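These numbers come from the heavy atoms of this one structure, side chains and all, not from hydrogens, waters or symmetry mates. Order of the sequence lines sets the chain letters (A, B, ...), proteins ahead of strands, with each chain counted from 1. The structure displayed is predicted, hence computed values, not measured ones.
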Amino acid sequence: MDARRRQTLEETTRWDPGAVEQRVFERWMEGGWFHPPAEGRAAENYSIAIPPPNVTGALHMGHALNGSVQDALIRLNRMRGRNTLWTLGTDHAGIGTQAVVEKELAGEGISRQEIGREAFTERVWAWREQYGSTIIEQYKRLGASCDYERERFTLDDGYVRAVYRVFAELYRKGWIYRDNYMVNWDPGLHSAISDLEIENREVTDTLYEIAYPLEDGGELVVATVRPETMLADTAVAVNPSDERYRDVVGKHATLPLVGRRLPVIADEHVDPEFGTGALKITPGHDPNDFEIGRKHDLSEISVIGEDGLISDEAPERFGGMSADQAREAVVTELRGEDLIRNEEPYTHSVPFSHRSGERIEPLISLQWFCRMDEMAKGAIDAVNDGRVRFIPHDPHTRVYLDWMERIRPWCISRQLWWGHRLPVWYRGDETYVGEQPPDGEGWEQESDVLDTWFSSALWPFATLGWPDTDAPELKAFFPTDTMVTARDIIFLWVARMIMTSLEFTGEVPFTDVYVHSIIQAPDGRRMSKSLGTGIDPLEEMDRHGADALRFGLLAMSSAQDVRFSEARVQQGRDLANKMWNASRLVLMEARDDVDPGPRSARVEDRWIASRLQRAVRSVSESIEAYDFSHAALDLYDFFWSELCDWYLEIVKPRLYDGDEDASATLLWALEQVLALAHPLMPFVTEEIYSYLPKPQAEALVIHPFPEADDGLIDEAAEKEIGRAIGLTRALRRWRDLAGVPVKQVLAARTDDSRPHELVARLARVEFSEDGGQPIASVAGVELLETEGVDPEAVATRIEERREKLRAEVQRGEGKLSNEGFVDKAPASVVDAEREKLAAYRAELEELGG
RNA sequence: GGGCGCGUAGCUCAGCGGGAGAGCGCUCCCCUCACACGGGAGAGGUCGUUGGUUCGAUCCCAACCGCGCCCACCA
């Protein structure tokens with residue numbers, strides 16, 4: 001080690017991530033280790049396609065956890081020697097991106113309509129050029145070892161080709177079609193949106209009961225929360241089994257305010273228990289009524305247009321009103337005609353747009369749809385036969401299958417400007433669908449764009465070169481291995497990837513779907529910018545470092561949603577600091593002329609080698625089982641408690657003496673544990689690794705991942721050191737309770753097999769054959785009278801211990817005298833109980849009963 | 001209206017059939033030559049309630065009480 005490096009080591013008593021992380025990351029990039037060659041077969045290679053963040057995005061806590069998990073998996077597999085690719089890219093995110101740029105324009109006092117479609121999309125591209133890499137840089141901060149040289153974007157030329165291919169194929173199959181159908185109209189976005197983009201909220205409306213006069217006299221009273229839609233009524237329905245209305249079915253009512261003749265029809269859908277048992281049917285503005293209307297061949301009238309205003313299909317006096325104004329006007333008129341029979345508050349769930357937050361206006365619109373049922377079949381099979389598995393299996397498998405089995409057509413067209421314009425061209429009555437524009441004059445391309453999720457659905461293979469089936473990346477890395485995501489996009493995205501992948505490549509896109517926690521705000525609310533509950537991962541990294549954030553997020557995550565815990569991040573920060581400082585000790589004091597490796601001459605060396613194997617096993621197994629929380633915490637425990645608190649303290653004297661075995665064992669254990677920790681905490685481990693005198697690899701990022709060696713497991717050593725540790729702790733406890741100062745060395749005597757040297761040193765006792773009177777006995781050790789020891793405190797302490805032992809003995813005796821226990825419990829459990837009882841009895845006797 | 005999950009130490013969470021665990025916080029003692037983002041020693045839970053199954057239940061079953069989520073076309 002050169003003098004300057006050594007000086008850094010000596011002077012830096014605190015791990016300072018800010019100074020180091022960027023430099024370490026640059027070194028990884030220069031090494032080219034994140035950019036694998038497109039070689040080998042997908043079955044032997046390892047790959048993950050990142051859930052593409054929105055180009056407009058900034059790294060939030062969800063990305064940070066999602067990225068930490070994927071990076072741990074990627075680094076683990078890379079270290080295991082597999083050709084490993086983590087595909088990176090961004091999503092054009094139609095609605096979100098368009099909204100951002102529109103807002104920017106609005107700041108300049110311009111609307112997108114003023115500058116027109118072409119200029120607007122140019123503006124979005126320019127925006128993307130300028131800001132699109134922000135989130136990519138933030139992933140680098142986190143340490144994400146993505147292949148930054150293969151960055152993809154859902155609007156790249158090659159990607160667009162994939163989207164158009166898929167659209168055209170599905171059209172040819174007849175699964176994509178255009179129809180006038182009831183859609184979820186988002187008045188804020190001025191576009192249709194899919195079923196998955198709405199959320200239902202509880203709303204209290206007024207439920208009006210309105211009398212519709214019957215032609216033959218009398219009236220039929222219907223209940224509605226949306227009186228304004230009555231302007232588009234085309235029938236009244238009752239349940240066929242409803243005795244009350246038996247006679248009116250087939251007759252006609254007159255629609256108040258409009259005068260239209262409405263047939264009274266019978267339909268099972270009507271609930272006789274609800275309201276009056278009579279339902280006004282408005283096929284143009286209610287999804288249920290739409291279904292009923294199609295069944296009974298009713299006409300579909302639209303009185304609310306896409307602009308949210310009352311159209312000229314309604315009586316002229318309502319024309320141009322907003323729906324809300326129309327409601328008021330309709331109710332006022334009905335009151336005037338004395339047709340309102342009842343009104344009461346009514347709480348029900350109402351659809352709102354996820355994107356704009358506005359109340360959805362169901363209306364009939366000419367849109368493009370995609371039939372999903374055929375594709376769903378294969379995607380159901382793939383999960384049922386285990387080609388794709390969800391982790392955790394429950395409840396995601398069931399939820400996925402339930403949704404798939406009831407899947408409905410997907411409205412894929414959006415009335416936006418930013419996105420994949422549909423590969424559809426019109427000329428007069430002609431429609432052309434294809435990957436290339438049609439020949440000939442006068443064709444005009446469809447102005448709608450595709451739902452962003454339509455292109456996202458192709459992500460795992462479109463990013464690798466599909467539809468070019470000979471693309472080397474596709475051959476080497478598709479199918480991918482693992483999809484890491486949160487459950488909120490399982491339907492929106494994961495399910496659709498499985499469907500399109502099976503349809504177009506014949507393969508599942510990935511074999512494992514790991515569904516991780518959603519991180520909530522510390523108070524349990526959703527983390528969101530608008531609520532002000534968000535915690536910025538970048539700030540966390542500024543404060544504590546990327547390793548700390550990664551450790552914290554992994555440690556706090558589980559199968560459940562969890563509240564963000566700053567304490568866990570600090571635990572990670574503390575661990576990084578501990579790693580740095582423990583390593584400083586080793587690197588500054590160990591001999592650098594030894595060959596690192598486990599040495600077996602001394603029991604404590606065999607002990608740490610053995611404990612390390614167990615840690616390697618538990619951490620590896622936890623990561624393999626996607627149990628990152630236990631992986632992180634087990635690593636912490638081993639490093640902190642066993643390696644630092646015990647082993648380092650035990651070997652310090654040997655280390656200072658230049659003992660060869662101690663140096664060799666420590667350097668080896670350090671290298672192993674750095675490798676073990678690297679997938680979770682890449683920066684601090686890589687930096688320390690650069691100081692190792694004889695590293696195995698050029699860099700830790702490509703160092704072999706440790707494998708547990710059963711040959712190094714040493715039960716006897718574990719038992720012996722375990723006993724010594726137990727004795728040390730017992731002596732320390734006694735000292736503390738008896739109030740003996742730390743500096744006071746206690747005289748002690750034992751006729752037990754000689755305790756390990758560490759006990760005397762770490763418990764600060766001095767064993768001798770002779771010496772004074774015993775004043776206490778602790779776990780087989782007699783403590784002798786020493787100056788400064790308070791006999792009264794000692795007596796109290798002993799009595800407390802006896803008390804506890806008596807209780808334990810009583811408990812054990814009770815249990816063992818229970819015939820049910822002795823007969824039916826497993827022998828090992830009973831034996832263990834007997835041994836414990838014997839030990840307690842012996843200790844109690846020693847203390848005088 | 002269906003389905004799912006959660007209620008364990010003051011806080012955030014593990015554990016899920018054989019004597020209750022972690023981190024933070026708290027108390028006491030230590031600035032001991034890797035680390036005060038440190039070291040040592042502790043205190044603190046009738047494991048939501050009530051029944052049941054079992055030799056034995058925080059863990060399995062049932063009901064109830066409190067939260068939360070997802071799905072759903074009853075105005």
For [N] versus [M], give the span between their [atom1] atoms, rounded off to a whole number of Å.
N: C11(B); M: C26(B); atom1: P; value: 15 Å
N: G45(B); M: G39(B); atom1: P; value: 26 Å
N: G10(B); M: G1(B); atom1: C1'; value: 40 Å
N: A9(B); M: A22(B); atom1: P; value: 14 Å
N: G38(B); M: G66(B); atom1: P; value: 43 Å
N: A34(B); M: U27(B); atom1: C1'; value: 28 Å
N: U49(B); M: G40(B); atom1: C1'; value: 42 Å
N: G2(B); M: A72(B); atom1: P; value: 16 Å

Phosphate-side-chain proximity, [X] and [N], N/O vs OP1/OP2 below 4.0 Å:
X: Arg573(A); N: C37(B); value: no
X: Ser558(A); N: C13(B); value: no
X: Arg408(A); N: C73(B); value: yes
X: Lys652(A); N: A34(B); value: yes
X: Lys578(A); N: G39(B); value: yes

Rounded distance in Å - [atom1] ([X]) to [atom2] ([N]):
X: Leu585(A); N: G38(B); atom1: CG; atom2: C1'; value: 14 Å
X: Leu554(A); N: A14(B); atom1: CG; atom2: P; value: 15 Å
X: Ile688(A); N: C35(B); atom1: CD1; atom2: P; value: 15 Å
X: Trp646(A); N: G39(B); atom1: CH2; atom2: C1'; value: 11 Å
X: Arg226(A); N: C73(B); atom1: CZ; atom2: P; value: 17 Å
X: Leu9(A); N: C35(B); atom1: CG; atom2: P; value: 12 Å

Taking the side chain of [X] as heavy atoms from C-beta outward, which of [options] is closest to it?
X: Asn581(A); options: A34(B), A72(B), G15(B); answer: A34(B)
X: Arg526(A); options: C70(B), G18(B), G40(B); answer: C70(B)
X: Lys743(A); options: G39(B), G18(B), C31(B); answer: C31(B)
X: Asn577(A); options: G5(B), G40(B), C35(B); answer: C35(B)
X: Arg563(A); options: A72(B), C13(B), A75(B); answer: C13(B)
X: Arg584(A); options: G15(B), A75(B), C35(B); answer: C35(B)

Which nucleotide, in any strand shown, forms a Watson-Crick or G-U wobble pair with [N], with both distances under 3.5 Å?
N: C24(B); result: G10(B)
N: A63(B); result: U49(B)
N: G38(B); result: C30(B)
N: G1(B); result: C71(B)

How would nucleotides 20-28 of chain B be written as a contact map, 5' to 3', with B for base contact, S for sugar-phosphate-only contact and - for no contact, using protein heavy atoms under 4.0 Å? --BSS----
Taking 4.0 angstrom as the limit, do Asp561(A) and Arg487(A) come out as a salt bridge? yes
Answer yes when Asp831(A) and Arg834(A) have at least one side-chain N-carboxylate O distance shorter than 4.0 Å, and no when they do not.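 Yes, Asp831(A) and Arg834(A) are salt-bridged.
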Across the strands shown, which category fits [X] at heavy-atom distances under 4.0 angstrom: base, sugar-phosphate, nothing?
X: Val822(A); value: nothing
X: Tyr656(A); value: sugar-phosphate
X: His544(A); value: nothing
X: Phe290(A); value: nothing
X: Arg14(A); value: base
X: Val399(A); value: nothing
X: Arg729(A); value: sugar-phosphate
X: Trp734(A); value: nothing
X: Arg487(A); value: sugar-phosphate
X: Tyr840(A); value: base
X: Pro826(A); value: base
X: Arg406(A); value: sugar-phosphate

Please name the residue in the list Leu334(A), Thr224(A), Leu262(A), Val303(A) that meets the side chain to side chain contact (heavy atoms under 4.5 Å, CB included) test with Met230(A).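 With Met230(A) as partner, side chain to side chain contact (heavy atoms under 4.5 Å, CB included) holds for just one option, Leu334(A).
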Does [X] reach the main-chain N or O of [Y] with its side chain, forming a donor-acceptor pair under 3.5 Å?
X: Arg550(A); Y: Gly572(A); result: no
X: Thr204(A); Y: Thr347(A); result: no
X: Thr728(A); Y: Ala763(A); result: no
X: Ser517(A); Y: Ser557(A); result: no
X: Arg573(A); Y: Arg543(A); result: no

Taking atom types as they are modelled, is there a donor-acceptor pair under 3.5 Å from the base of A34(B) to the side chain of Glu649(A)?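 A donor-acceptor contact between them is present.
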Report the distance from atom CG of Leu255(A) to atom CD1 of Ile210(A), rounding to the nearest 0.5 Å. 9.5 Å
For Glu199(A), check salt bridge (charged side-chain N to carboxylate O under 4.0 Å, His left out) against everything at least two apart and list the hits.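 Testing Glu199(A) for salt bridge (charged side-chain N to carboxylate O under 4.0 Å, His left out), a comparison that skips the adjacent residues, returns Arg201(A).
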Nearest heavy atom decides the nucleotide; on that basis, is Cys644(A) or His348(A) closer to the 5' end of RNA chain B?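 Between the two, 5'-proximity favours Cys644(A).
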Quick one: on RNA chain B, does Trp15(A) or Thr224(A) contact a more 5' nucleotide (nearest heavy atom)? Trp15(A)
Flag if over 12 foreign heavy atoms under 6.0 Å of NE2, His296(A):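 Yes, enclosed.
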Can you label the angle between the Trp580(A) ring and the Tyr691(A) ring as parallel, tilted or perpendicular, going by 30° and 60°? perpendicular
